[in-house]
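Below is one structure, written out as structure tokens; the observations come after it.
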Amino acid sequence: MSDLAVMGMVAMIMAGFTIAIGSIGPALGEGWAVARALSAIAQQPDKANVITRTLFVGLAMVESTAIYCLVVSMILLFVNPFWNHFKGG
């Protein structure tokens, strides 16, 4: 197996790990946040607007972590700086 093939295989495996780990954490965090928000709204229905607004801001921040992992995996696959080194260029 050539060095370029090994580099491609390693890049694909690491991109897969990046997506897997980077999506599990935010998914668990978002589920936990929604459950806590629904519990808080059930206890204080008059504060539902404030809780919902804060929930959406928090969910957007948590979701950005998953988007960053997607960007890192795309960089590993398509713009990897080591490709040129293994191609010989």
Side-chain angles (χ1 to χ4, degrees):
M1 188 179 291
S2 69
D3 290 341
L4 186 61
V6 171
M7 178 62 200
M9 185 173 58
V10 168
M12 283 191 242
I13 290 170
M14 294 313 296
F17 281 141
T18 302
I19 287 293
I21 293 170
S23 61
I24 289 172
L28 292 174
E30 286 179 7
W32 181 78
V34 169
R36 296 286 299 232
L38 289 175
S39 174
I41 289 172
Q43 291 176 1
Q44 295 182 343
D46 55 328
K47 298 290 184 183
N49 289 336
V50 175
I51 295 169
T52 304
R53 183 174 47 237
T54 306
L55 173 69
F56 285 143
V57 170
L59 288 179
M61 295 177 83
V62 169
E63 190 65 31
S64 69
T65 304
I67 293 170
Y68 293 146
C69 289
L70 175 67
V71 169
V72 167
S73 67
M74 292 296 124
I75 289 171
L76 283 173
L77 290 176
F78 299 112
V79 196
N80 196 335
F82 296 110
W83 285 118
N84 291 332
H85 174 71
F86 284 101
K87 284 182 192 176

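These values consider heavy atoms only, across backbone and side chains, with no hydrogens, waters or symmetry-generated copies.
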State which residue, out of Val71, Thr18, Val10, fulfils the side-chain contact (heavy atoms from CB on, under 4.5 Å) condition with Leu76. Thr18
Nearest 0.5 Å, please: how far is OG1 in Thr54 from NZ in Lys47? 11.0 Å
Can you name the closest pair of heavy atoms from Val62 and Glu30 and give their distance? CG1-CG, 3.8 Å
Heavy-atom nearest pair, Ala33 first then Leu59, reads CB-CD2, 4.3 Å
Count I, L, V, M, F, W, Y as connected when their side-chain heavy atoms are under 4.5 Å apart, and connections chain through other members. Are Val79 and Met14 then in the same cluster? no
Are more than 12 heavy atoms, taken from residues, nucleotides or ligands other than Met9, located less than 6.0 Å from that residue's CE atom? yes
To the nearest 0.5 Å, what is the distance between OG (Ser23) and CD (Glu63)? 9.5 Å
Strictly distance-based, threshold 3.5 Å: is any side-chain N or O of Thr52 a donor or acceptor partner for the main-chain N or O of Asn49? no
Met12 reachable from Val6 in the ILVMFWY side-chain graph, under 4.5 Å edges: no
In the hydrophobic clustering (ILVMFWY, side-chain contacts below 4.5 Å, transitive), which residues join Val50, or is it alone? none
Val34-Met61 co-clustered via ILVMFWY side chain contacts under 4.5 Å: no
At what distance, to the nearest 0.5 angstrom, does CG of Leu28 lie from CD1 of Ile24? 7.5 Å
Rounded to the nearest 0.5 Å, what separates atom CG in Asp46 from atom CD1 in Ile41? 11.0 Å
Minimum heavy-atom separation for Gly22 to Cys69, with atom names? CA-SG, 3.4 Å
